[in-house]
Amino acid sequence: MPGFSDRDRGRDRGYGSGPPRFGGGGRGGGGGGKFGNPGDRLRKKHWNLDELSKFEKNFYQEHPDVNRRSPQEVTQYRSTKAVTVKGRDCPNPIMKFHEASFPTYVMDVINKAGWSEPTPIQAQGWPLALSGKDMVGIAQTGSGKTLSYLLPAIVHINHQPFLERGDGPICLVLAPTRELAQQVQQVAAEYGRASRLKSVCVYGGAPKGPQLRDLDRGVEICIATPGRLIDFLEAGKTNMRRCTYLVLDEADRMLDMGFEPQIRKIVDQIRPDRQTLMWSATWPKEVRQLAEDFLKDYVQINVGALQLSANHNILQIVDVCNDGEKEDKLLRLLEEIMSEKENKTIIFTETKRRCDEITRRMRRDGWPAMGIHGDKSQQERDWVLNEFKFGKAPILIATDVASRGLDVEDVKFVINFDYPNNSEDYIHRIGRTARSQKTGTAYTFFTPNNMRQASDLVAVLREANQAINPKLLQMADRGGHSRGGRGGSGFRDDRRDRYSSGGRRDFSSFRDRENDRGFDSGPKKVFGTNSQSGGYGASGFDKSGNGFGGYGSNGQSNYGTSQAGAFPTQNFQAPQFSANQGGIQNGMSHQQFPFTQQQAPQPMVPYSMPPQFPQ
DNA sequence: AAAAAAC
């Protein structure tokens, strides 16, 4: 493979026959000692960019097939895939995996995974990252983002001299949550294995010992949450002297969580001639500022994400109701979901306390549910997540600790028990389903307390061609300003204002007392084709706005009994649910709740109690 | 008013 042959060969003989050795010569044919003593480089006043990224700069010459793409072809690709590019000298996208010219040790893993073509962010991001330039990627999770930066990282590392004793990582990835960091590390381990790269996940809440051992042994890739890494850096347990490839994953999220000082502290220690890649789901001015400070002459790639945009493979259903109704509604909904064959479900709550309450309630009713939030020990969090991942317990109840990045295959349903504080979180939460070309369904309870998010949500639903609950539209009308008109670029700019402005509004006047009383109002063929809701466009809701909240006076399952065609979503087959044939009838009224232990539906999946964790 | 993250 042109351009990589030196390195490949270098690895195949001699160098590759064992793990990279401390004190060994340079990696591949680069000539030992070029960077022999990283300390020397640190002492230099001027940073020699040319030396470091010679490989990256040669990328174009080595891959004429990528460059030769005609401008028309590029334009067409970018427009059909809704990819926009901003910045100087952005290489053309690749359209097939082989065009990326990854070395065989990477291609083998790609081939084994059996994907058909690169995702848009990969198609554009790979050549860009491989060319050595700084970049910003604006893309949703689930878009193939992790591999977009990890594979070029692996190539980059393989073109650097071997680690020597005392060297820190060559590639650093910063992530907002521990779970995300662990996940990224798993991918890094999988793809780095073939070229014998070692990786470590540095995060809090877990014993330091193993992490320190890994660092001490020498790791090329370090994935970290900021706190523990700073801890280690300050204690001199690791260093950033060798770090030349920096990734900030979920940058917007990290800023939200107030990590900015920590991030700056870490990045200040990383040599300025590094390559920096920043990833974010949104592009508010805080993130722009961070990019200005940390990146040089960067190219920005957007994948249809500058405006609020959710994955179109998700069927989104919003139930406008009152807070008091939510719990019963949830149990009924769950009953239907659990009669499905594929039923992996995440339920999001606003608070940790609520998360615990719901978990307790569900378990009391016999559901195989488990909770996860930030007050639980890391040991328990890991355990719960694994049980969920491997299907031992199909119901996960979570706070926003799990809203982003979490990549569990086959999540078919997301339920927003509480609507999140901001609409990006809504998009991230529902994005836990319908991953990698699959489809999924998101149910959302929306109450008058969420009024100020109504217009955002409507915008999201519109963009995804979803049927919109007229009650929600009503709330959006009365709910005041919409962010939609601002063109999206400043999506979270007004965050602080919204949180601190004035006193709380009194929403009671908006309550629709007639319809919010219970389960009993109105005709119930919810998603039928009764489009007398004229004013509401293509919406399949009836006038009462009972999106999926009306429970079966006609004995029909109202959750998702969607006739094909009721949803104008393109390229999407609305899931067909059978009416529940189980012991609990759909037409039952809410007075019969709560379930007793005996009545409770049996879990679909054998479920064992979690081990006892220390409080 | 809440969530996450270092001890």
Side-chain angles (χ1 to χ4, degrees), chain A residues 141 173-184 200-212 215 222-238 248-266 281 286 323 346-359 371-382 384-385 396-406 416-429 432 447-453 492 495-505 507:
Chain A
T141 47
V173 179
L174 289 177
T177 66
R178 299 165 183 173
E179 277 76 11
L180 179 58
Q182 293 177 53
Q183 214 167 261
V184 172
V200 65
C201 189
V202 167
Y203 59 98
K208 290 179 178 175
Q211 297 175 11
L212 285 174
L215 284 171
C222 172
I223 296 100
T225 51
R228 178 64 65 89
L229 181 63
I230 289 179
D231 194 5
F232 283 172
L233 285 171
E234 284 177 345
K237 304 290 187 191
T238 187
L248 304 172
D249 204 352
E250 305 272 4
D252 52 347
R253 178 63 159 181
M254 291 202 280
L255 291 184
D256 266 6
M257 289 164 56
F259 280 166
E260 185 166 354
Q262 287 98 315
I263 295 172
R264 288 187 182 277
K265 200 165 175 179
I266 294 167
E286 293 88 351
D323 282 304
I346 305 182
I347 301 166
F348 283 103
T349 63
E350 191 54 37
T351 65
K352 291 178 278 204
R353 199 178 137 190
R354 189 85 110 143
C355 175
D356 283 335
E357 284 167 7
I358 301 284
T359 309
I372 185 169
H373 60 64
D375 274 359
K376 293 195 185 282
S377 73
Q378 193 57 40
Q379 193 196 7
E380 184 169 356
R381 278 164 64 169
D382 292 345
V384 164
L385 204 56
L396 182 71
I397 299 144
T399 59
D400 278 320
V401 69
S403 65
R404 296 199 184 205
L406 194 77
N416 288 299
F417 185 81
D418 302 309
Y419 193 80
N421 281 323
N422 61 73
S423 296
E424 294 111 306
D425 282 338
Y426 171 79
I427 287 165
H428 282 289
R429 285 176 174 189
R432 294 318 96 209
T447 73
N449 285 328
N450 308 123
M451 175 85 82
R452 56 177 88 186
Q453 315 286 345
R492 205 196 273 110
R495 180 183 175 81
R496 203 158 295 133
D497 310 345
R498 277 188 288 132
Y499 290 170
S500 59
S501 70
R504 291 180 63 79
R505 279 179 254 177
F507 294 121

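So you know, we letter chains A, B, ... as the sequences are listed, proteins then strands, and number each from 1.
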Per [X] side chain, nearest of listed nucleotides [options]:
{"X": "A/Phe259", "options": "B/dA5, B/dA6, B/dA3", "result": "B/dA5"}
{"X": "A/Tyr203", "options": "B/dA6, B/dA4, B/dA1", "result": "B/dA6"}
{"X": "A/Arg178", "options": "B/dA2, B/dA4, B/dA6", "result": "B/dA6"}

So, OP1 or OP2 of [N]: does either fall under 4.0 Å of a side-chain N or O from [X]?
{"X": "A/Thr225", "N": "B/dA6", "answer": "yes"}
{"X": "A/Lys208", "N": "B/dA6", "answer": "no"}
{"X": "A/Arg381", "N": "B/dA4", "answer": "no"}
{"X": "A/Thr351", "N": "B/dA1", "answer": "no"}

Item to check | Pairing of A/Asp231 and A/Lys237 as salt bridge, 4.0 angstrom limit | outcome: no
Checklist entry - Is any side-chain N of the basic residue among A/Asp375 and A/Arg353 closer than 4.0 Å to the acidic one's carboxylate O? => result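 A salt bridge is absent here (no side-chain N lies under 4.0 Å from a carboxylate O).
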[N] [atom2] sits how many Å from [X] [atom1], rounded?
{"X": "A/Phe417", "N": "B/dA2", "atom1": "CZ", "atom2": "P", "result": "17 Å"}
{"X": "A/Gln182", "N": "B/dA5", "atom1": "CD", "atom2": "P", "result": "10 Å"}
{"X": "A/Asn416", "N": "B/dA2", "atom1": "CG", "atom2": "P", "result": "19 Å"}
{"X": "A/His373", "N": "B/dA4", "atom1": "NE2", "atom2": "P", "result": "8 Å"}
{"X": "A/Leu174", "N": "B/dA4", "atom1": "CG", "atom2": "P", "result": "20 Å"}
{"X": "A/Gln378", "N": "B/dA4", "atom1": "CD", "atom2": "C1'", "result": "11 Å"}
{"X": "A/Gln262", "N": "B/dA6", "atom1": "CD", "atom2": "P", "result": "9 Å"}
{"X": "A/Tyr419", "N": "B/dA1", "atom1": "OH", "atom2": "C1'", "result": "18 Å"}

Item to check | Worked check of side chain to side chain donor-acceptor pair (under 3.5 Å) between A/Asp356 and A/His373 | outcome: CA-CA 9 Å; A/Asp356 283 335; A/His373 60 64; 3.1 Å; yes
Next on the checklist: Applying a 4.0 Å non-hydrogen cut-off, can you work out what A/Gly258 is touching in the nucleic acid: base, sugar-phosphate, or nothing?
Outcome noted: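 Nothing: the residue A/Gly258, judged by heavy atoms under 4.0 Å, touches no strand.
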Next on the checklist: Distance check, rounded to the nearest 0.5 Å: A/Lys265 atom NZ versus A/Leu229 atom CG?
Outcome noted: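 It is 11.0 Å, given to the nearest 0.5 Å.
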Next on the checklist: Counting distance alone, no hydrogens or angles: does the base of B/dA4 have a donor or acceptor under 3.5 Å from a partner atom on the side chain of A/Asp256?
Outcome noted: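 Side chain to base: no pair present.
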Checklist outcome for this item: For A/Gln378, the side chain to side chain contact (heavy atoms under 4.5 Å, CB included) test, sequence neighbours excluded, returns A/Arg178, A/Glu179, A/Gln182, A/Tyr203, A/Arg381, A/Asp382
